[in-house]
Amino acid sequence: EKEYLIEKSPPNLVRTLFLQQMFPNSYFITIIRHPIATSLATKKWSKTSHYSLINHWLICHKQYLTDKSNLTNSLD
């Protein structure tokens, strides 16, 4: 019933193409945090090493950059 809906879950970074198919009029505003800051924040609740967390960040953001060229409405 709302005019605007916002979803801000970090895992959606690699789901943008799927979300665009599901919601064709959607817009994507991406805020990119530094991988070290992200890994330090995630380390609080994760038993994963900082190396692994940073590597995961790099893989996800590389995928996002690949997908971004196919997004209709994207801002980062």
Side-chain angles (χ1 to χ4, degrees):
E1 296 179 20
K2 302 290 183 184
E3 185 175 355
Y4 298 103
L5 299 173
I6 297 174
E7 172 51 43
K8 64 174 194 79
S9 300
N12 286 331
L13 181 70
V14 294
R15 297 180 186 139
T16 55
L17 295 179
F18 167 75
L19 292 168
Q20 180 173 257
Q21 288 292 317
M22 297 300 293
F23 306 98
N25 296 322
S26 59
Y27 286 77
F28 298 90
I29 300 170
T30 307
I31 298 170
I32 299 175
R33 293 179 65 199
H34 194 281
I36 294 175
T38 304
S39 76
L40 290 171
T42 305
K43 186 67 176 153
K44 295 176 188 174
W45 51 265
S46 173
K47 295 181 182 178
T48 310
S49 70
H50 286 291
Y51 173 82
S52 179
L53 291 168
I54 291 171
N55 191 49
H56 181 263
W57 186 99
L58 292 170
I59 291 168
C60 292
H61 283 74
K62 182 178 178 182
Q63 183 63 52
Y64 168 72
L65 291 175
T66 300
D67 294 347
K68 182 182 168 193
S69 64
N70 294 309
L71 293 175
T72 305
N73 302 306
S74 175
L75 175 66
D76 58 7

**Asked** Going by side-chain heavy atoms closer than 4.5 Å, which hydrophobic residues are tied to Tyr27, directly or by a chain of links?
**Response** none
**Asked** Taking atom CG of Leu75 and atom CZ of Phe28, what is their separation to the nearest 0.5 Å?
**Response** 12.5 Å
**Item:** Counterpart residues, salt bridge (charged side-chain N to carboxylate O under 4.0 Å, His left out), relative to Lys62 (two or more places apart)
**Value:** none
**Message:** Show the nearest heavy-atom pair for residues Val14 and Asp67, with the distance to one decimal.
**Reply:** O-OD2, 4.3 Å
**Complete:** Distance col, row His56:NE2 vs Ile54:CD1, nearest 0.5 angstrom, shows 13.0 Å
**Complete:** Rounding to 0.5 Å, atoms OG (Ser52) and NZ (Lys47) come to a distance of 14.5 Å
**Message:** Looking at His61, I'd like to know if its NE2 atom is crowded, meaning that more than 12 non-hydrogen atoms belonging to other residues, nucleotides or ligands lie closer than 6.0 Å.
**Reply:** yes
**Asked** Which distance, rounded to the nearest 0.5 Å, do you find between the CG of Leu17 and the OG1 of Thr72?
**Response** 9.5 Å
**Request:** Would you mind reporting whether Leu19 and Ser26 have side-chain heavy atoms less than 4.5 Å apart?
**Result:** no
**Request:** Please determine which of Leu71, Leu13, Thr16 meets the side chain to side chain contact (heavy atoms under 4.5 Å, CB included) test together with Thr30.
**Result:** Leu13
**Prompt:** How long is the span from the CD1 atom in Ile32 to the OH atom in Tyr64, to the nearest 0.5 Å?
**Reply:** 6.0 Å
**Prompt:** Side chains of Asp76 and Lys68: closer than 4.5 Å at any heavy-atom pair?
**Reply:** yes
